[in-house]
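Counting from 1, the numbers follow the sequence of the chain as shown. Indexing begins at 1, ligand by ligand and atom by atom, following the structure's order.
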Amino acid sequence: MIVLIFVLLFTVCVATKIYFKLITGWCKSQTCLKGKTALVTGPTSGIGYHTALDFAKRGARVILGCLNQTEGEWTRSRIIGETGNENVEVKLIDLNSFDSIRAFAKEINDTEERLDILVNNAGVIGFGNRRTKDDCLYVMQVNYFGPFLLTHLLIELLKKSKGSRIVNVSSLVAATVYDLDLTKLNTYPGLDHKLYARSKFCVQLFTIELAKKLRSTDITTYSVHPGIVRTNLFENVYGLGKIIILLGLFFFKTSEEGAQTTIHCAVCKGIEKLSGEHFVDCNKVSPYKSTTNLELSRKLWKVTTEIVQLKSEEIRL
Ligand SMILES: NC(=O)c1ccc[n+]([C@@H]2O[C@H](COP(=O)([O-])OP(=O)(O)OC[C@H]3O[C@@H](n4cnc5c(N)ncnc54)[C@H](OP(=O)(O)O)[C@@H]3O)[C@@H](O)[C@H]2O)c1
Ligand SMILES: *[C@@H]1O[C@H](CO)[C@@H](O)[C@H](O)[C@H]1NC(C)=O
Ligand SMILES: *[C@@H]1O[C@H](CO)[C@@H](O)[C@H](O)[C@H]1NC(C)=O
Ligand SMILES: *[C@@H]1O[C@H](CO)[C@@H](O)[C@H](O)[C@H]1NC(C)=O
């Protein structure tokens with residue numbers, strides 16, 4: 001009996017895994033990125049690494065926006081080793097600090113001639129009520145406020161390059177947020193996964209609003225859910241969440257698979273008319289119901305502008 005149950009369970013698991021492998025989207029675009037510049041935040045591991053690696057393979061100049069110099073240099077040599085493309089640059093950015101983001105953006109803006117692709121990939125989960133020196137919740141700042149500020153500061157450079165794109169790595173968990181209290185963006189909701197979901201929800205509303213504001217330009221923007229991917233992201237998850245993750249690891253995507261939708265949105269030709277949309281497995285999906293509140297995304301935009309202390313002359317949208 002026990003053997004039978006075991007065999008049955010095993011079969012179900014393998015069948016599920018095969019099913020997941022079959023529905024995994026792969027970017028089939030052959031777009032060459034020679035002469036183009038791409039910036040990826042959080043490229044030292046996981047999804048970000050495979051995104052940066054792919055851009056390097058396509059011949060792009062790749063800027064690695066890293067938190068840690070040592071890890072950045074190590075990532076750079078790995079990418080050069082695998083692709084032979086030496087046009088890979090390490091620049092330091094800590095999304096945890098508005099000053100750091102400003103310094104980073106200034107350097108890019110002053111030294112780079114163009115920027116064709118910006119991938120807001122870096123993200124964190126866990127960390128509870130930890131706050132930054134800018135007095136924001138750590139997870140909100142790294143996942144949402146930071147990319148919001150960075151995107152604004154780089155808009156001009158993106159505008160200079162024809163047909164540039166902004167890709168935000170969001171998450172399906174955004175769909176679990178129903179009410180967003182704009183006066184409590186930086187108030188800890190008591191549970192780490194709720195905070196994470198809130199930050200990703202904001203990213204998605206931001207994308208929608210950004211796409212609207214960019215309509216008069218030829219910059220396009222996309223948000224993606226990479227799937228559930230085996231990465232370091234879950235290092236700071238403890239308790240029940242950790243157990244669920246450990247049990248689920250077998251079913252998770254590899255980082256290379258997880259990077260496909262980001263790559264698709266960054267390079268695939270002909271998707272420009274889908275600017276502002278959400279993508280899963282390299283396909284456009286319907287927006288999560290909760291993210292279709294245009295009034296909310298407009299208000300969130302305004303509140304965020306104040307939180308990141310964006311000056312009026314810096315808003316070039
Ligand atoms: N894995 C999943 O199942 C999943 C599902 C949905 C969405 N996502 C999203 O996918 C994105 C990539 O995550 P991943 O799974 O590839 O995780 P990961 O392997 O942990 O990569 C996260 C990257 O972000 C960087 N980072 C962390 N804090 C930072 C900060 N303050 N400033 C700058 N960079 C910072 C990390 O740098 P260090 O290594 O130096 O700390 C690392 O390079 C995230 O936005 C995540 O929310 C992942
Ligand atoms: C950077 O990464 C290296 C290698 O993982 C580690 O030894 C070092 O402590 C890190 N530096 C900081 C400032 O976190
Ligand atoms: C970026 O550089 C341009 C000049 O090339 C300058 O006009 C603009 O103010 C700079 N933007 C930022 C955010 O530094
Ligand atoms: C990407 O994120 C930035 C910052 O959070 C936001 O302004 C922009 O609207 C987002 N774009 C998409 C397509 O989600």
Side-chain angles (χ1 to χ4, degrees), residues 40-52 64-75 90-98 100-115 119-127 130 132-134 136 138-147 149-160 167-175 193 195-197 199-201 203-204 223-237 245 248-249 251-259 261-262 280 310-311 313-316:
V40 182
T41 64
T44 54
S45 66
I47 298 165
Y49 174 74
H50 283 277
T51 306
L64 307 172
C66 302
L67 181 59
N68 176 315
Q69 181 87 40
T70 317
E71 285 187 22
E73 294 299 341
W74 184 71
T75 304
V90 176
K91 298 254 155 90
L92 288 187
I93 180 170
D94 183 354
L95 289 162
N96 186 15
S97 148
F98 294 147
S100 167
I101 296 168
R102 284 184 175 279
F104 173 86
K106 183 165 180 354
E107 193 187 336
I108 302 277
N109 190 53
D110 290 350
T111 59
E112 295 296 325
E113 268 161 33
R114 57 185 305 135
L115 184 59
V119 179
N120 286 314
N121 165 79
V124 289
I125 186 169
F127 300 99
R130 186 202 278 195
T132 68
K133 72 174 176 36
D134 299 304
C136 292
Y138 182 73
V139 173
M140 282 299 286
Q141 182 154 343
V142 174
N143 292 4
Y144 172 61
F145 297 129
L149 179 60
L150 180 64
T151 306
H152 273 88
L153 298 176
L154 292 176
I155 280 288
E156 229 162 326
L157 189 59
L158 284 158
K159 270 190 191 164
K160 263 200 241 165
V167 183
N168 290 334
V169 183
S170 178
S171 173
L172 183 67
V173 296
H193 72 265
L195 176 60
Y196 180 73
S199 72
K200 294 298 186 183
F201 180 68
V203 167
Q204 229 142 305
S223 69
V224 314
H225 166 60
I228 305 183
V229 191
R230 228 178 292 137
T231 67
N232 299 336
L233 184 71
F234 306 107
E235 255 174 21
N236 296 295
V237 176
I245 287 161
L249 275 181
F251 300 105
F252 288 13
K253 284 183 180 178
T254 63
S255 294
E256 189 184 5
E257 290 168 344
T261 307
T262 301
V280 180
L310 207 59
K311 302 179 193 84
E313 69 270 20
E314 287 172 334
I315 304 175
R316 297 191 176 90

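If you check which protein heavy atom lies closest to atom 1 (N) of ligand 1, you get Val229 O, 3.1 Å. Protein heavy atom in closest approach to atom 46 (C) of ligand 1: Tyr196 OH, 3.6 Å. The nearest protein atom to atom 5 (C) of ligand 1, hydrogens excluded, is given as Gly227 O, 3.2 Å; this is a heavy-atom distance. For atom 16 (O) of ligand 1, the closest non-hydrogen atom on the protein side is Ile47 N, 2.8 Å. Protein heavy atom in closest approach to atom 22 (C) of ligand 1: Gly123 O, 3.8 Å. The protein atom (non-hydrogen) at minimum distance from atom 37 (O) of ligand 1 is Thr44 OG1, 3.6 Å. Ranking the protein heavy atoms by distance from atom 40 (O) of ligand 1 puts Glu71 OE1, 3.4 Å first. Of the protein's non-hydrogen atoms, Thr231 OG1, 2.6 Å is the one closest to atom 15 (O) of ligand 1.
Protein residues with any heavy atom under 4.0 Å from ligand 2: Asn68, Glu71.
Using modelled atom types, one side-chain atom of Glu257 and one backbone atom of Thr254 make a donor-acceptor pair closer than 3.5 Å. In terms of modelled atom types and a separation under 3.5 Å, the side chain of Arg230 and the main chain of Leu249 share a donor-acceptor contact.
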Take Phe104 and Thr41 through the test side-chain contact (heavy atoms from CB on, under 4.5 Å) and record every step on the way to the result. CA-CA 11 Å; Phe104 173 86; Thr41 64; 5.5 Å; no
| task | Given side-chain hydrogen bond (donor to acceptor under 3.5 Å, both in side chains), test Asn120 with Thr151 step by step and report yes or no. | result | CA-CA 8 Å; Asn120 286 314; Thr151 306; 3.1 Å; yes
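Under 4.0 Å from ligand 1, not a single heavy atom of Tyr49 appears. Heavy atoms of Ile125 found under 4.0 angstrom from ligand 1: none, in either backbone or side chain. Contacts between Ser255 and ligand 1, counted as non-hydrogen atom pairs separated by less than 4.0 Å, are absent for every part of the residue. Here Leu233 has heavy atoms under 4.0 Å from ligand 1 in both its backbone and its side chain.
By the 4.5 Å heavy-atom criterion applied to side chains, Cys136 and Phe98 are counted as neighbours. The shortest side-chain heavy-atom distance between Glu314 and Leu153 falls under the 4.5 Å cut-off.
Below 4.0 Å from some heavy atom of Ser171 lie the following atoms of ligand 1, by number and element: 6 (C), 7 (C). Close approach of ligand 1 to Asn232 is summarised as follows: ligand atoms under 4.0 Å from at least one heavy atom of the residue are 19 (O), 20 (O). Interface of Val169 with ligand 1, defined as ligand atoms under 4.0 Å from a residue heavy atom, comprises 9 (C), 10 (O), 11 (C), 45 (O). In summary, the atoms of ligand 1 found under 4.0 Å from a heavy atom of Val124, numbered by their order in the structure, are 27 (C), 28 (N). For ligand 1, the atoms lying closer than 4.0 Å to a non-hydrogen atom of Ile93 are 32 (N), 33 (C). Which parts of ligand 1 touch Asp94 is read off a 4.0 Å heavy-atom cut-off, strictly below it: atoms 30 (C), 31 (N), 32 (N).
Taking a cutoff of 4.0 Å between a charged side-chain nitrogen and a carboxylate oxygen, Glu156 and Lys159 do not qualify as a salt bridge. A salt bridge links Glu112 with Lys91: the closest approach of a Lys/Arg side-chain nitrogen to an acidic carboxylate oxygen falls below 4.0 angstrom.
The shortest N or O to N or O distance between Leu95 and ligand 1 is below 3.5 Å. Note: no N/O pair closer than 3.5 Å links Ile228 and ligand 1 by distance alone. Close N/O approach between Ser45 and ligand 1 is found [any backbone or side-chain N/O within under 3.5 Å]. Between Asp110 and ligand 3, a contact under 3.5 Å exists for no N or O pair.
Tested against Gln141, the residues Asn96, Asp94, Asp134 include a single side chain to side chain donor-acceptor pair (under 3.5 Å) partner, Asp134.
The two residues Asn236 and Phe127 make their nearest non-hydrogen contact at ND2-CZ, 3.2 Å.
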